[in-house]
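Inspection log for the structure reproduced underneath, given as structure tokens.
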Amino acid sequence: MSFALPSVKPKPEIPDRFGVHEGIFGTQDLMTNGLARAKCDVDTSHPLAASVQNYKAHQDRMNMSILRNTQGLHAPLRIAMELKSAKKIGRLPFLPSSNIMHDAMTGRDLEVGPEDIFNTLEFMEVVGQPHAVVERSLGLL
Amino acid sequence: MSSVLCPEIPASGFSFENCRRNTLLETKGFAVPKATKTGTTIVGITYKDGVILGADTRATEDTTVADKNCEKIHYLAPNMYCCGAGTAADTEMTTQMISSQLELHKLYTNRVCRVATANQMLKQYLFRYQGYIGAALILGGVDVDGPHLYQIYPHGSSDQLPYVTMGSGSLAAMAVFEAGWKRDLEEEDGIKLVRDAIAAGVFNDLGSGSNIDVCIIRKGSTDL
């Protein structure tokens with residue numbers, strides 16, 4: 001019987017394709033991306049960067065696989081269904097969501113970590129053009 | 001994929017943006033600025049009615065004294081306090097974060113928090129960052145199960161012991177404990193023992209000095 005349990009420490013995954021932000025013509029699309037993104041950012045800046053980025057997703061995957069092994073396939077499926085419908089709730093299409101329902105379901109509303117103290121969304125000084133943001137979310141950009 | 005029109009909003013939390021720039025600067029010969037360490041002696045003992053924590057109050061920056069009277073005994077919960085050694089900012093922020101989490105936990109479960117809960121939270125947090133957060137902690141408190149004392153290392157391991165010392169002056173303080181600690185000490189004897197241990201650290205270790213802080217945690221009350 002295979003348990004398919006992932007490792008306790010999140011390991012960095014090497015992606016199949018190193019996307020160099022290609023545009024329609026197969027080259028760097030300067031009009032939308034600009035010159036700054038010309039280099040691809042796959043190289044490791046810090047040994048911890050990959051682990052920290054994937055920590056939450058990795059922990060969820062571990063918990064779901066343990067749940068699947070103990071309670072059967074239905075358990076992670078039900079939870080995933082509820083989380084998916086919670087993700088659909090939001091404000092206007094281009095605004096970031098507060099994720100209240102999603103946080104209450106995952107238990108993040110009881111946690112305080114560096115993501116709630118450093119570089120929080122309310123102090124972020126960048127904003128995207130609404131049409132472009134919606135186009136990106138729909139996959140048109 | 002990012003673009004000028006809709007820039008990628010960086011994830012909140014620790015930012016690794018400047019790491020590449022820092023490695024480049026290091027190869028060019030620019031020295032990395034040193035973080036303020038606490039260069040400490042911190043101790044804790046369990047006595048008859050509870051837990052006594054002790055700490056010195058000197059914070060060093062390499063060979064200079066950065067703060068002559070800094071507080072190393074941090075509040076976690078009304079029945080739990082935590083001494084911190086290592087990088088001063090790391091111990092400060094870590095204990096504050098875990099204190100907030102414990103408060104949320106207490107409101108959610110409607111019970112007084114156990115020391116084991118705080119220990120587990122601290123362990124998991126420090127292991128997540130693989131030792132890059134330089135916080136060595138002594139956690140002590142009294143809960144429904146009685147008095148507990150834990151020592152937590154920066155990489156995320158922890159031990160539950162009747163008496164613990166940490167920091168650069170830990171060897172001097174441990175020598176005092178090994179000679180003088182007995183099970184079920186009285187409060188005055190316990191305070192005297194902790195004071196002697198910190199004094200040993202203060203006199204024999206260059207990184208510890210100034211004053212001695214003592215925190216007594218009993219079942220119903222705490223004295224700092």
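In what follows, every chain begins at residue 1, and chains take the letters A, B, ... in the order their sequences are listed. For clarity, every value in this text was computed on a predicted model and none was experimentally measured.
The 12-atom threshold is not exceeded at CE of Met101(A), counting heavy atoms of other residues, nucleotides or ligands nearer than 6.0 Å. The local environment of CZ in Arg68(A) is sparse, with at most 12 non-hydrogen atoms from other residues, nucleotides or ligands closer than 6.0 Å. Annotation: Ile100(A), atom CD1; neighbour count of heavy atoms from other residues, nucleotides and ligands within 6.0 Å does not exceed 12. Surrounding CZ of Phe118(A) are more than 12 heavy atoms belonging to other residues, nucleotides or ligands, all under 6.0 Å away. Other residues, nucleotides and ligands contribute at most 12 non-hydrogen atoms within 6.0 Å of the CZ atom of Arg114(B). The number of heavy-atom neighbours closer than 6.0 Å to CD of Glu17(B), taken from other residues, nucleotides and ligands shown, is 12 or below. Atom CD of Glu92(B) has more than 12 neighbouring heavy atoms from other residues, nucleotides or ligands inside a 6.0 Å radius.
There is no contact between Met121(B) and chain A, counting heavy-atom distances below 4.5 Å. Within the 4.5 angstrom heavy-atom criterion, only backbone atoms of Asp109(A) (N, CA, C, O) approach chain B.
Two residues are said to be in side-chain contact when any heavy atoms from C-beta on lie closer than 4.5 Å; Tyr132(B) and Pro47(A) meet this criterion. Side chains of Pro114(A) and Tyr125(B) form a contact here, defined as non-hydrogen atoms less than 4.5 Å apart. Taking the side chain as every heavy atom from C-beta outward, Gln130(B) and Ser51(A) never approach each other to under 4.5 Å. By the 4.5 Å heavy-atom criterion applied to side chains, Pro10(B) and Met124(A) are counted as neighbours. Taking the side chain as every heavy atom from C-beta outward, His46(A) and Phe14(B) never approach each other to under 4.5 Å. Looking at Ile117(A) and Met97(B), their side chains come closer than 4.5 Å, going by heavy atoms from C-beta outward. Counting heavy atoms from C-beta on, the side chains of Val52(A) and Tyr129(B) come closer than 4.5 Å.
Distance CG/Leu48(A) to CD1/Ile133(B): 8.5 Å, rounded to 0.5 Å.
The two residues Ala11(B) and Asn119(A) come nearest to each other via the heavy atoms O-CB, 4.5 Å.
When the candidates Ser15(B), Cys19(B), Ser100(B) are compared by the number of heavy-atom contacts under 4.5 Å with chain A, Cys19(B) comes out ahead.
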